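This structure is a prediction, so every number in the text was calculated from the model and none was measured. Counting starts at 1 for both ligands and their atoms, in listed order.
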Amino acid sequence: MNIRELLNERVLKAMHACGVPDHLPALIAPGKKAGFGDYQANGAMGAAKALGTNPRELAARIVEQLDLQGIAEKIEIAGPGFINIDLDPDWLGQQVAVAERDDRMGLATAAQPQTVVIDYSGPNLAKEMHVGHLRSTIIGDALARLLEHQGNRVIRQNHVGDWGTQFGMLIAELEEQLGADREAGMALKDLEVFYQQAKKHFDDDAAFADKARNYVVRLQSGDPAILALWQQFKEVSLHHSSEIYQQLNVTLTDDDVRGESFYNEELAPLVTDLQQKNLAAENDGAQVVFLQELADKEGNPSPVIIRKQGGGFLYATTDLAALKYRVEALKANRIMYFIDARQSLHMQQVFTIARKAGYVDNTVSLEHLAFGTMMGSDGKPFKTRTGGTVKLAELLEEAIERATAVVSEKNSELGAEEIKAIARKVGIGAVKYADLSKTRTNDYLFNWDSMLSFEGNTAPYLQYAYTRVQSIFRKAEIDPASLSGDISIGTLQEKVLAIRLLQFGETLDQVAREALPHLLCTYLYDVASLYMSFYEACPILKSDVSPELRNSRLRLCHLVARTLQQGLDLLGIEVMEKM
Ligand code: ARG
């Protein structure tokens with residue numbers, strides 16, 4: 001149980017003893033400023049209002065009933081009825097000692113594990129991954145790691161775009177470009193160039209365009225020769241994506257791919273089903289669902305086309321089939337979609353139809369976890385100098401290059417191989433952290449210099465803080481696992497650091513609930529900063545420090561290192577022992 005839960009339980013018990021009705025909250029929060037308690041219980045004011053009594057008096061009665069024996073050293077009433085709680089240093093020392101020794105650092109696993117489907121990355125296979133896929137890929141992956149760590153069954157779903165009319169054109173082009181060895185790899189070495197060649201061919205050559213159209217039809221009707229070409233194209237393109245995932249330290253594998261094509265067989269029955277349920281109706285030869293729930297200001301229902309006039313299916317149809325599959329076959333309790341905010345209406349439409357059709361009942365949580373756009377320094381969506389889309393592979397190369405310069409400058413004693421390994425972790429970490437540390441729903445400015453800085457809330461700062469802690473153990477030639485003895489919390493720096501360390505679990509719970517990784521970043525940044533202040537104020541290896549105190553402080557250091565490492569790992573960011 002974390003501190004907040006423990007205090008909540010105790011304060012509620014005291015409130016009930018004072019006649020406060022069960023449903024009123026204790027409102028436990030960490031104290032915001034020094035001198036205002038390590039934690040505050042702010043529920044007395046609301047409770048007094050409900051009971052029609054004086055809040056300060058009620059707070060005093062609650063405090064009389066409050067049993068925090070051995071947990072708090074001081075309980076005070078402030079202002080109109082805040083209850084300020086100062087935690088007992090001995091108790092904190094014991095809690096921190098348990099966490100430091102524990103495999104999971106005292107982090108609980110979910111009381112009721114869920115099956116969570118996470119839809120993320122989802123690149124379009126016709127083209128190379130570009131910066132537009134970065135946010136979904138890394139935010140989704142952080143949540144997948146975190147929810148898994150909490151003991152949930154996480155099912156990753158990479159909803160790649162591997163179907164649609166453009167594949168006719170691409171397959172026709174591939175057929176022309178295939179060499180004698182029939183290997184697609186060479187022709188598709190640069191997907192972007194290949195796509196442009198196909199497009200030009202399509203636009204300039206009527207016969208080619210006809211062939212492309214014919215291939216779409218043959219692809220859809222399952223012609224084996226065309227399917228084989230499509231398969232080849234898909235494999236090469238997926239291989240490009242896998243390379244990016246590896247480079248990014250993202251956990252997606254080929255097994256997680258459930259592309260649009262996976263749902264082909266389900267689309268026609270789905271449309272029939274929606275017709276039978278009187279949800280879809282014919283409109284100008286198309287099948288359309290009209291949603292009054294999402295009506296515009298004038299009251300016009302929101303139209304969702306699920307089958308085109310010519311019989312083709314759409315993005316929404318596929319998403320409905322995918323949603324049905326996730327509930328029925330994967331048995332999801334919670335489905336999280338990490339998709340650009342610009343697809344909000346689409347997601348709302350899909351969710352609404354799925355609920356109305358009875359594909360998803362109220363026990364399943366459907367969440368579109370939208371995010372803002374990555375902006376360039378000009379305040380416009382991030383582009384190349386010439387205004388083109390930035391390939392993810394190139395962006396990551398540049399990150400590593402820039403990190404190499406930064407790392408070499410910082411430490412001239414490292415060998416070339418070491419620098420290379422460190423620069424990869426720093427460069428990739430910096431790009432990911434810069435993104436993850438911003439409030440998910442906002443747009444953010446992409447800036448190389450600030451993300452690679454060793455100061456401020458950045459990956460290099462946290463990675464560096466980790467190496468600093470580790471260097472203490474190297475210097476003292478101590479294996480942290482061998483440390484024993486109590487942890488004593490004697491100074492203010494030790495106390496605030498201990499409390500923050502013990503808030504890891506409640507931070508992770510909140511990130512898991514709200515899918516907001518920036519809260520974890522802020523937390524880790526706090527831990528690293530509090531560690532720096534502790535390190536300044538509290539000598540560890542000096543000769544006048546007693547062996548007991550030295551061990552106590554080393555154990556605190558060890559928990560800091562483990563927290564930073566674990567926290568960064570949940571964000572998909574690696575640490576190193578030196579830099
Ligand atoms: N391929 C889509 C795109 O690039 C993203 C897929 C997101 N997932 C989904 N279930 N719609 O916009």
Side-chain angles (χ1 to χ4, degrees), residues 116-141 143-144 154-167 170 191-192 195 230 233-234 237-238 240-242 244-245 248 250 252 254 256-264 266-267 270 289 304-306 312-330 332 334-355 359-360 364-374 381-382 389-393 440 515:
V116 187
V117 167
I118 308 189
D119 181 318
Y120 69 106
S121 196
N124 183 349
L125 296 189
K127 292 191 168 190
E128 204 153 317
M129 280 183 83
H130 57 83
V131 291
H133 299 112
L134 184 68
R135 304 210 69 192
S136 172
T137 305
I138 65 185
I139 303 173
D141 201 52
L143 264 299
V154 171
I155 305 178
R156 296 162 172 77
Q157 295 279 282
N158 194 355
H159 193 89
V160 301
D162 61 356
W163 203 249
T165 46
Q166 52 193 343
F167 283 92
L170 294 167
L191 265 184
E192 224 45 45
Y195 186 92
W230 169 74
F233 183 92
K234 215 175 115 162
S237 178
L238 271 175
H240 285 302
S241 304
S242 299
I244 301 268
Y245 297 147
L248 267 177
V250 157
L252 282 171
D254 287 350
D256 304 317
V257 173
R258 287 287 177 288
E260 296 185 4
S261 65
F262 180 77
Y263 304 101
N264 282 346
E266 313 305 326
L267 304 180
L270 186 124
V289 181
V304 187
I305 304 178
I306 54 171
F313 301 106
L314 293 99
Y315 187 48
T317 329
T318 309
D319 254 324
L320 279 165
L323 182 42
K324 203 161 172 275
Y325 169 78
R326 291 163 186 187
V327 175
E328 288 171 8
L330 302 180
R334 180 179 187 189
I335 311 179
M336 305 168 84
Y337 292 80
F338 289 91
I339 309 179
D340 198 301
R342 282 168 290 196
Q343 292 192 27
S344 288
L345 177 61
H346 164 76
M347 289 321 303
Q348 273 185 303
Q349 290 173 330
V350 169
F351 292 170
T352 308
I353 296 174
R355 297 260 190 222
Y359 300 155
V360 190
V364 181
S365 159
L366 300 179
E367 303 167 26
H368 174 208
L369 303 156
F371 45 81
T373 308
M374 178 170 142
F382 193 76
T389 47
V390 179
K391 289 184 187 178
L392 211 37
R440 169 169 51 77

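- Looking at residues two or more places apart in sequence or on another chain, you find no salt bridge (charged side-chain N to carboxylate O under 4.0 Å, His left out) involving Glu266.
- The 4.0 Å heavy-atom shell around ligand 1 contains residues Asp119, Gly122, His159, Tyr315, Asp319, Tyr337, Ile339, Gln343, ordered by chain and number.
- Under 3.5 Å, the side chains of Tyr245 and Asn158 contain a donor-acceptor pair of N or O atoms.
- Looking at residues two or more places apart in sequence or on another chain, you find no salt bridge (charged side-chain N to carboxylate O under 4.0 Å, His left out) involving Asp319.
- Partners of Gln343 under the side chain to side chain contact (heavy atoms under 4.5 Å, CB included) rule, at least two apart in sequence or in another chain, are Tyr315, Ile339, His346.
- Remark: aromatic rings of Phe262 and Tyr325 are close, center separation under 6.0 Å.
- When side chains are defined from C-beta on, Leu314 does not count as touching Val304, because their heavy atoms never get closer than 4.5 Å.
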